[in-house]
Amino acid sequence: MRVGILISGSGSNMLALVDGMQTGQIDATPVVVISSEPDAGGLAKAAGRGVPVHAVDWRENRGDRAGHDDAVQALLDEAGVDLVVCAGYMRIMSEAFVARWEGRMLNIHPSILPAFKGLNTHARALEAGCAVHGCSVHEVVPELDSGRILGQGIVPVLEGDTADSLAARVLRVEHRLYPAALAAFVRDPVAARRTPIAIFETAG
Ligand code: GRF
């Protein structure tokens, strides 16, 4: 299975996935990493692991979502990608792009879906008074942050938490959940859809 990873930022989830693939925990090969931000920190990290990297600056196709996605698609085609994994990819994708990859595209979202779709999830979970918070790996469908959930990571919300401290705790469980969910999906997508993974992180 040839995996293409889409990022926009620091790429810590991408690195956890690349490491999982390169150590054999995930039966797949990372063949390309594409960033929508040219100065994303994740690009150097991926290159450091020997994965080919590209930047498709979203500003070059400002207001033309499909144009941006076409440029990304061309790079995915060139790399012979079978499965697309979004890892901190801060773009809403065009319907045609999503349709093209339906059943073969995953995303991680920093909340226990279906709660807190969209942005600022950590602040919203704090504001709502949640006792637990977390992350979800799901298949990508046209509706934002929806699609079949393949696994969730749960962390406690602690007294004195800020959005930043909570985000850091969630990110740690993201790094465990995403490789586990991708490994299961690559092994058997039907079974992975039927039996979601649950990971719990204690305080610390
Ligand atoms: C993660 O929390 C991810 O869930 C969210 O953005 C963050 C990306 O972090 N969408 P990184 O780029 O993987 O370090």
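FYI, side chains are in, hydrogens and waters are out, and symmetry mates aren't considered; it's all heavy atoms of this structure. All ligand and atom numbering here is 1-based and tracks the order in the structure.
- The environment of CG in Asp27 is sparse: at most 12 heavy-atom neighbours from other residues, nucleotides or ligands sit within 6.0 Å.
- Near Glu174, with a cut-off below 4.0 Å to any heavy atom, the atoms of ligand 1 are 1 (C), 2 (O), 3 (C), 4 (O).
- Using a 4.0 angstrom heavy-atom cutoff, Gly42 does not count as in contact with ligand 1.
- No N or O atom of Gly9 sits closer than 3.5 Å to an N or O atom of ligand 1.
- Contacts of His122 classified as ring pair (Phe, Tyr, Trp, His ring centres under 6.0 Å), with partners at least two apart in sequence or in another chain: His133.
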What verdict does the side-chain contact (heavy atoms from CB on, under 4.5 Å) test give for Asp82 and Val3, after you've listed the backbone C-alpha separation in whole Å, the side-chain angles of each residue and the deciding distance to 0.1 Å?
CA-CA 6 Å; Asp82 306 306; Val3 172; over 6 Å; no
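- Within 6.0 Å of CD on Gln22 lie more than 12 heavy atoms contributed by other residues, nucleotides or ligands.
- Nearest to atom 12 (O) of ligand 1 among the protein's heavy atoms is Gly11 N, 2.8 Å.
- For Tyr178, there are no side-chain hydrogen bond (donor to acceptor under 3.5 Å, both in side chains) partners at least two apart in sequence or on another chain.
- Taking any N or O of His109, backbone or side chain, none lies under 3.5 Å from an N or O belonging to ligand 1.
- In this structure, atom 7 (C) of ligand 1 lies nearest to the protein heavy atom Gly88 CA, 4.5 Å.
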